[in-house]
Every structure is written in structure tokens, then in C-alpha cells.
Amino acid sequence: MQDIFAELSWRGLIHQTTDDANLQAWLMAQSRTVYAGFDPTADSLHVGHLLPLSMLRRFQRAGHKPIAIVGGATGMIGDPSGKSKERNLLTREQLIANVESIEVQMRGVLDFECGQTSAVLVNNFDWMQNFSYLDFLRDVGKNFPVNVMLAKDSVKGRLEKTDAGMSYTEFSYMLLQAYDFVHLSKHHGCELQIGGSDQWGNITAGIDLARRMLSVQLYGLTCPLLTKSDGTKMGKTEAGAIWLSPERTSPYRFYQYWINVGDDDVSNCLRVFTDLNQDDVESLDKSRAEEPHKRESQRRLAEELTKLVHGDSGLQRAQRATQIFFGQEIDQLSDAELGEIFEDVPSKELPRDRLSGDGLGILDAFHESGLASSKGDARRAVQEKGTYLNNARVEDIGRNLTVDDLISETSLVLRRGKKKYAILRFV
RNA sequence: GGGGGGUUUCCCGAGCGGUCAAAGGGGUCAGACUGUAAAUCUGAUGGCUAUUGCCUUCGCAGGUUCGAAUCCUGCACCCCCCA
């Protein structure tokens with residue numbers, strides 16, 4: 001049995017526990033069953049979910065059994081914790097679809113085929129759906145003193161804000177999550193719940209409920225909420241959240257997100273998200289202090305996480321795309337390769353005969369691609385040396401594009417400035 | 001109800017009969033520098049064509065004038081003051 005507690009400690013992943021004195025020994029004594037919950041509000045997990053998910057992974061690797069619970073039932077209610085406003089409810093159909101695709105993503109991170117400690121995925125909708133309202137009130141609600149519930153931060157915060165308010169539905173959320181813990185304890189022998197520090201109230205509610213209903217002692221452990229040094233949320237960009245599904249966030253963009261993590265945050269990210277051991281993290285810290293321009297930390301972080309989420313092939317794709325996006329001139333590619341590398345890049349189809357004869361003027365090409373708002377804009381961009389054809393700078397505003405300029409069967413690659421690309425397809 | 005001020009190009013904001021596609025700042029876009037960072041510096045920033053122009057734009061609609069963002073009339077919206 002590995003000392004998971006010590007590991008979480010040096011990684012800075014322990015915010016609060018329900019039993020600081022004994023939890024470490026308790027975890028060392030035997031294999032335990034641990035659970036964390038995931039809200040199926042979308043059809044994909046995002047970077048924000050990566051933390052609890054990787055926590056479960058660490059527990060599993062240390063010899064414990066992880067349970068991931070997707071909140072098919074609780075998702076219908078909406079957790080008020082950390083939310084300032086009443087949430088919109090999801091339909092049952094949406095939830096079912098979301099849960100299905102989230103399952104697939106989890107299989108990449110947790111091991112579901114390793115005997116005793118195999119991960120288990122459950123959906124609380126399965127045991128909540130047949131609960132009658134009366135039964136729930138008698139068996140569960142009876143054990144909740146309202147004054148205790150009102151004292152929870154998640155409730156108190158909302159009630160203090162006079163304009164926010166809170167519905168009875170959201171107020172009841174806590175009971176559902178608490179009951180999850182009881183259910184998992186009874187049917188899966190689960191004894192420890194982990195979550196972000198905003199889950200503390202819900203976790204302790206479950207522990208209280210289990211003591212009353214089952215007379216068992218359960219445990220809770222929370223990890224700090226991850227924020228960047230500038231105070232903003234991890235995993236958000238101007239363009240929106242970074243998702244784990246390749247359909248929503250391509251492996252390239254996922255990889256790039258981590259490559260661009262600031263120096264101030266990268267060490268924390270390495271500790272919290274990757275499997276690198278303490279020595280490795282510290283040597284990367286050292287490398288960053290001495291040779292910051294090499295950015296080994298960011299590179300390593302991006303590699304580890306892209307591999308974890310998108311696998312070896314996803315990482316290769318991301319790195320290949322990175323090479324091309326930052327530097328290399330592009331030589332012959334196939335349409336298929338090009339489509340893969342430039343999957344995030346807007347493309348436009350034009351009739352192939354535009355390339356015949358004198359060809360297509362470079363200014364028109366940039367205008368049509370959307371990289372320039374007008375031909376005049378395109379002209380200026382070229383004169384400013386800010387345009388590239390297949391990653392080679394365009395020098396001449398009179399340049400005409402012909403079939404010879406195609407980089408693959410049908411396409412050529414235009415670029416403006418350092419990062420803005422567009423594909424023109426001639427069909 | 002009476003009096004006054006305003007509405008300018010993506011935003012703020014100058015202009016008050018020709019030299020106005022319209023100062024300046026911000027933003028944005030490029031370039032240099034660099035670590036795919038930050039800061040800094042440089043250039044560009046209505047459209048079409050070219051280096052000669054043409055077209056569209058200064059709340060909306062008319063008018064005066066050789067000529068208007070600039071003057072006049074009406075309309076719309078905003079702000080302030082007095083009732």
C-alpha cells in the first residue's frame with residue numbers, strides 16, 4: 001500500500017479532511033473505496049474536472065478502489081455550491097446523452113480492468129429515480145436538521161445575497177448528494193469522498209447522514225480549488241473552456257493550452273495534474289529558474305496531459321501540428337494529413353479553375369480566405385511582411401497562385417501574422 | 001411647459017465653409033525584439049483601383065453654396081438647468 005496521503009500532501013492537494021489525525025494511517029491500513037462526483041452538465045468533461053479525476057487515479061494507483069459517480073439525478077437539480085444564481089435544469093434526454101459520453105472519457109484516465117481495485121462508474125439516477133418523494137422525506141429528509149442546512153456556506157451565501165434567492169429544489173440538492181454517499185457506502189463499501197473545497201458542505205452532510213442512517217463513520221477529503229496566479233480560473237480561455245473531448249477542443253489546442261501556462265502556475269500544475277514524482281518536478285523547477293526560455297516545464301506538462309487525455313496518437317498529432325504552426329515551411333502533405341493538422345483552422349472552398357491561366361491574385365486569396373477584410377487590407381498586410389503562403393513569407397503583392405502552389409491535392413495554406421491561418425481548398 | 005448643450009470613422013474625443021477619409025488617445029492588425037511570456041519600439045488601421053484617382057462616411061431628411069462634418073430648416077434620440 002503506497003502512502004497516498006503523503007503524496008497528496010507534497011502535491012498540495014489536501015485542503016481539508018474530516019479526520020486530520022487518523023486519515024493517513026487509515027488509508028495505509030488497507031485498500032479503501034473512494035468516490036468523487038461529476039456533474040454531467042455538458043457532453044464532455046473539461047479541465048476543471050481533471051483535478052478530481054486525477055485524484056481518483058492517484059488513489060487507484062496507490063491501491064485503492066475509485067468510484068466515479070456521474071450525477072444523472074443530482075444534475076437534474078443543480079448544485080448551488082459556488083453558484084451565485086439559480087441554475088437552469090437539464091432535460092432527461094440531455095443528461096442521458098451527457099452521461100454516456102463522459103463515461104467514455106473516464107475510461108482513458110481510470111483503469112476499469114484491474115481486478116480488486118478496478119474503477120467503477122455509477123450514475124445516481126439509477127437509485128434515485130425510483131425513490132418516491134414520501135419515502136425520501138421519511139428516510140432521508142428526517143435526518144436533516146434545517147438549522148444545520150441553513151448554516152452551510154453554499155446555502156448561507158446565497159440567502160445573504162438578497163437578489164439571488166434559492167429555490168427549494170436547489171436547497172434540497174445537499175440531501176441528494178448526501179444520500180449518494182450513504183448508498184455507495186452501503187452497496188459499494190465506499191468510505192471516503194473527495195472533491196473540491198466547495199464540496200465540503202455536501203461531503204460532511206453525507207458523513208452525518210451515514211452516521212444517522214447506517215451508524216458508520218465515513219471520511220471526507222477536499223482539495224484546493226485551482227486558480228491561476230492572476231486569480232482567473234484554470235482551464236478557461238477567452239474562447240471558452242478547455243474540454244477533454246477532441247471534438248470540442250482539438251488535441252492541438254489542448255496541448256497549446258498547457259504549453260502557454262504561465263511560469264508562475266506551471267509548477268503547481270505539474271504537481272497537481274501529472275504523475276511526475278517529486279524529484280522530477282523539482283528538477284523542472286530548477287530548469288525553469290536557470291533557463292526559463294527553454295520552457296521545459298510547460299513542454300513536459302503539455303506532453304503528460306495531452307497523452308493522458310488524448311493518448312499517444314493525440315499527442316503526436318498535437319506535436320506535429322505545433323511544429324508546423326511554429327516555424328517549419330510546409331512541404332508536400334496529403335489532404336488527410338493537412339486536414340488533421342489544421343483541423344481548427346477555418347477553410348474555404350473555391351472552384352479549381354480560379355487557379356488556371358494567370359492564377360488567383362494573392363490579395364484576392366487573402367481576402368477570400370477571411371484573413372483580410374478587404375483587398376486593401378490584404379495589400380497592406382503583404383507590404384508589412386505579415387503574410388505567408390504555405391508558411392513562406394509573401395514578398396510580392398502581384399503574386400498569383402496557380403496549381404503549383406498547392407501543398408496537398410487540393411489545398412494551400414495562408415497565414416497572417418504569427419498564428420492566424422486559413423486553408424483554401426480548390427475543388 | 002420654458003431655456004441651454006450634445007449626436008464624428010471599432011471606442012473615447014478634436015474639428016466649426018475649402019488644405020477632411022477627418023488631429024490625438026485607446027483598441028485592433030502587422031513587423032522588430034523575445035521564451036508561442038510580459039514590457040518596449042516601429043508601421044498600419046473606410047472601400048475599389050492603383051500610386052492617378054474614384055466611391056462611401058461625420059444622428060436622419062431636406063436646403064443654401066462653385067464647394068458642407070462644418071451654415072440653415074425639420075425630425076429622432078441623449079444630457080443639463082428653470083417651472
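Since we're looking at a predicted model, the values are computed, not measured.
If you check B/A23 for Watson-Crick or wobble pairing at under 3.5 angstrom, you find it has no partner at all. Pairing for B/C48 goes to B/G53, judged as Watson-Crick or G-U wobble with the two contacts each under 3.5 Å. Nucleotide B/G74 is matched to B/C60 when pairs are restricted to Watson-Crick or G-U wobble geometry with both distances under 3.5 angstrom. Pair assignment for B/U40 gives B/A32, based on Watson-Crick or G-U wobble hydrogen-bonding distances that are each under 3.5 Å.
In this structure, A/E170 pairs ionically with A/R158, as a charged nitrogen and a carboxylate oxygen lie closer than 4.0 Å. We find that A/R58 and A/D275 are joined by a salt bridge, their nearest charged nitrogen and carboxylate oxygen being less than 4.0 Å apart. In this structure, A/D405 pairs ionically with A/R399, as a charged nitrogen and a carboxylate oxygen lie closer than 4.0 Å. Salt bridge annotation for A/E303-A/K307: absent, with no cationic side-chain nitrogen under 4.0 angstrom from a carboxylate oxygen. One finds a salt bridge joining A/E304 and A/R300 here, because a Lys/Arg side-chain nitrogen approaches an Asp/Glu carboxylate oxygen to under 4.0 Å.
Using a 4.0 Å heavy-atom distance criterion, A/R288 is classed as making no nucleic acid contact. Across all strands shown, A/E291 has no heavy atoms under 4.0 Å from either base or sugar-phosphate atoms. Counting non-hydrogen atoms under 4.0 angstrom, A/Y257 reaches nothing in the nucleic acid. Residue contacts shown for A/G417 are limited to sugar-phosphate atoms, with no base heavy atom under 4.0 Å away. Nucleic acid contact class of A/R416 (heavy atoms, under 4.0 Å, all strands): sugar-phosphate only. A/R295 comes within 4.0 angstrom of a base, heavy atoms only.
By the 4.5 Å heavy-atom criterion applied to side chains, A/L176 and A/N124 are not counted as neighbours.
Atom C1' of B/A50 sits at a distance of 39 Å from the matching atom of B/A39, rounded to the whole Å. Across B/U52 and B/U57, the matching C1' atoms stand 22 Å from one another, rounded to whole Å. Going from the P atom of B/C72 to that of B/G4 covers 14 Å, rounded to whole Å. The C1' atoms of B/A44 and B/G26 are separated by 16 Å, rounded to the nearest whole Å. For B/G43 and B/G67, the P atoms lie 39 Å apart once the distance is rounded to whole Å. Comparing the same atom, P, in B/C12 and in B/G63 gives a spacing of 31 Å after rounding to whole Å. Taking atom P on both nucleotides, B/U7 is separated from B/C58 by 14 Å, rounded to a whole Å. A distance of about 13 Å separates the P atoms of B/U9 and B/A23, rounded to the whole Å.
Mapping A/D377 and A/D263 onto RNA chain B by nearest heavy atom places A/D263 closer to the 5' end of the strand. Toward the 5' end of RNA chain B, the nearer of the two residues A/K294 and A/S373, judged by each one's closest nucleotide, is A/K294.
Contacts between chain A and RNA chain B, taken as any atom within less than 4.0 angstrom of a protein heavy atom, begin and end at B/C29 to B/A50.
If you check the side chains of A/S297 and A/R288, you find a donor sitting under 3.5 Å from an acceptor.
The aromatic rings of A/H188 and A/H183 are tilted relative to each other, their planes meeting at an angle between 30° and 60°.
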